[in-house]
Amino acid sequence: MSAPFSGTEGRDQHSRIHSRPNPGFLERLGETMGGMMVGVALFFVSFYVLFTNEGRAIRTAASLDEGLSQVLTLHPDMYVDPQNDNRLVHLSAPTAHLSVAVQAVKLKRNVEMYQWVEYQDSREHKEGGETKTETTYTYNTEWKSEVINSRNFDQEIGHMNPSAMAVESVTVVAPDVWVGYFFLSKGLIDQINNYQTLRLGALPVTDPFLTVHDDYFYHTANPRRPEVGDVRVSFSYAGLSGEGSFPGPPQTVSVVAMQKEERLKPFKTKSGDTLEILYLEELTAEEVFAKEHQLNDMKTWALRAGGWFLMFLSISLTTRIIYTLVDWVPVLRDLVSVGLKLFALCVSCCLSLLTIAAGWLFYRPLLAGLIAALALVPILIARSRAPDKKHQ
C-alpha cells in the first residue's frame, strides 16, 4: 500500500568510467598467495566448526532428554507452590502485565525518513590491455528506517539528506510480565517477538501536520507527495496481554524453565546446557521438547553444511595458485579449473566426514567408525584402480 509514496519522480542517474592496467603475472600470483593464506585460516576454522558442532549437538540432545524426564507440568490457575522451587516446570497460559495504552509485552515504534538513496551498477570489460569499469549511479527517493549519509554519494549535490531523524525508533518492553502466577525472566521475555502492525485507521488525529494513512503517522500535510526529510511512524506490538484488551485477545505461551519462588528462571542441566524455553502457542511438555529436538537437528545439519562449505572454499583458495600458473593457456586453464573444483569437492567431503567421525568418537565409537569408513571409500576406490592402470 505504501508503494505509491516511493518517490520515483526523484530518480536520476549518471555514469563514470575508470580504467586500470590489466594485472601482470606477478601481481596475479601475489593475489593468489594472499588467497592461499585466507584458505589456510578457513581450513582450521572449518575443522573447529565441524568438530565442536557434533559435541554441541550431543550435549543439547542429552539436556533435552534430561529436561523431559524431570519437567513438571503446572496448571495455569495453580498458585505458587514452594515445594517446586528449583524444579523444571512447564506452563501454558496467557501473558499478562500492567499497561496504560496497548496491553502488550513489547511495543515498537518504527520511524522512517524520506531520503535520497544511491544505487551502483558496475560492468567490466577489457580493452587495449586495460580493464575498464563503467559504474552507473542511480538516485531515488525512498522511505528508510536508517539515516543515509549523502556525503558518501558519488554526487552529493542535489541529493542531500538530513544528518539525523527528528524522532528515533524505540522498543518499549514491559518491566514485569507474568504467565499464570509466575513472572518471566528477561531471557523468556526476549523470545516474545511475534510483532504485528498496530492498526491506526480508527484513531482520531487533531494535529494539522499529522496524517494517518495505511497505518502510518505521516508528519506532512500531503503523504502522497512527501519531501526529503519528511518522517512517518508506525507501531507494532508483540505478546498481547490482558483480557478484552485492544487490539485483540491475550497471547497464550508455553514455558519450560526453573521455578524460583514466583519467578521462572534458567534451568542448568547436568550436561552443562541451559533450558529456558518459550513458544508462542499452547503446547504440552512433550511437544515443547519435540520441537526443541527438531531445532537442534536443523542447527546441527546447518553447521555441518557450513563447515563443509568453509572447507571446500579453503581448499579451492589454497589450490588456486595452480590455476594462476596456467591461466595464460586457454584450453589448459579450463581443464585445470574443473579438475581443481572436483579435487576440492572430493577432499572437502572426505575431511568433513572424518572430522564429524572424530567428534562422535567419544560418544558413539561404532557410529564414528562407520562415518570414517564412508569417508575413506573414495581413497580406497582410487587406490584399487591404480594397479590396473599401471598394469595396462
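As the structure is a computational prediction, the values presented were derived from the model and not from experiment.
Residues W116 and V228 are in side-chain contact: their nearest non-hydrogen atoms beyond the backbone lie under 4.5 Å apart. For the pair L64/L275, a side-chain contact is recorded, criterion being any heavy-atom separation below 4.5 Å from C-beta on. Looking at L280 and L278, their side chains come closer than 4.5 Å, going by heavy atoms from C-beta outward. Contact of the H90 side chain with the L74 side chain is not registered, since no non-hydrogen atoms from C-beta on lie closer than 4.5 Å. Between T135 and S122, the closest side-chain pair of non-hydrogen atoms falls below 4.5 Å. In this structure the side chain of H213 reaches within 4.5 angstrom of the side chain of R224, judged on heavy atoms. Put simply, the side chain of L313 does not reach to within 4.5 Å of the side chain of M311, judged on heavy atoms.
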Exercise for review: Evaluate the side-chain hydrogen bond (donor to acceptor under 3.5 Å, both in side chains) criterion for residues S185 and E276: first the C-alpha distance (whole Å), next the side-chain angles of each, then the deciding distance (0.1 Å), finally the verdict.
Suggested key: CA-CA 9 Å; S185 65; E276 191 178 23; 2.4 Å; yes
Exercise for review: Mind running side-chain hydrogen bond (donor to acceptor under 3.5 Å, both in side chains) on K106 and N193 for me, showing each step along the way?
Suggested key: CA-CA 8 Å; K106 298 178 181 178; N193 290 314; 3.0 Å; yes
Exercise for review: Output, in order, the C-alpha distance, side-chain angles, deciding distance and verdict of side-chain hydrogen bond (donor to acceptor under 3.5 Å, both in side chains) for S236 and T197.
Suggested key: CA-CA 4 Å; S236 55; T197 302; over 6 Å; no
Exercise for review: List the steps and the verdict of side-chain contact (heavy atoms from CB on, under 4.5 Å) for L264 and W178.
Suggested key: CA-CA 9 Å; L264 297 178; W178 63 87; over 6 Å; no
Exercise for review: Carefully, step by step, assess E142 and K144 under the rule salt bridge (Lys or Arg N to Asp or Glu O under 4.0 Å).
Suggested key: CA-CA 6 Å; E142 302 176 10; K144 290 293 182 180; 3.7 Å; yes
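Take N86 and apply the side-chain contact (heavy atoms from CB on, under 4.5 Å) test, not counting sequence neighbours, and it matches M258, K260. For Y195, the ring-ring contact (aromatic ring centres under 6.0 Å, His included) test picks out no residue, with sequence neighbours left out. Evaluation of the ring-ring contact (aromatic ring centres under 6.0 Å, His included) rule for Y279 yields no partner, not counting sequence neighbours. Not counting sequence neighbours, F289 has no partner by the ring-ring contact (aromatic ring centres under 6.0 Å, His included) test.
A side-chain N or O of R56 and one of N296 form a donor-acceptor pair less than 3.5 Å apart.
When all heavy atoms of L68 and E286 are compared, the closest pair comes out as CD1-CA, 4.2 Å. Minimum heavy-atom separation, L303 to N53: CD1-OD1, 3.0 Å.
Here E261 does not pair with R263 in a salt bridge; the nearest charged N to carboxylate O distance is not below 4.0 Å. Ion pairing between E281 and K291 holds under the 4.0 Å rule for side-chain N and carboxylate O. By the 4.0 Å N-to-carboxylate-O rule, E112 lies close enough to R232 to be salt-bridged with it.
Within the structure, every pair that satisfies the ring pair (Phe, Tyr, Trp, His ring centres under 6.0 Å) test and touches residues 33-68, not counting sequence neighbours, is listed here: F43-F47.
Aromatic pair Y139/Y119: centroids not less than 6.0 angstrom apart.
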Check: residues 340-348 side-chain donor-acceptor pairs under 3.5 Å, at least two apart:
| unit_1 | atom_1 | unit_2 | atom_2 | d |
| --- | --- | --- | --- | --- |
| K341 | NZ | S337 | OG | 3.1 |
| S348 | OG | W308 | NE1 | 3.0 |
| S348 | OG | A344 | O | 2.7 |
| S348 | OG | L345 | O | 3.0 |

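With a 6.0 Å radius and a threshold of 12 heavy atoms from other residues, nucleotides or ligands, E227 has its CD atom at or below the threshold. Environment of CD in Q155: crowded, with over 12 heavy atoms of neighbouring residues, nucleotides or ligands closer than 6.0 Å.
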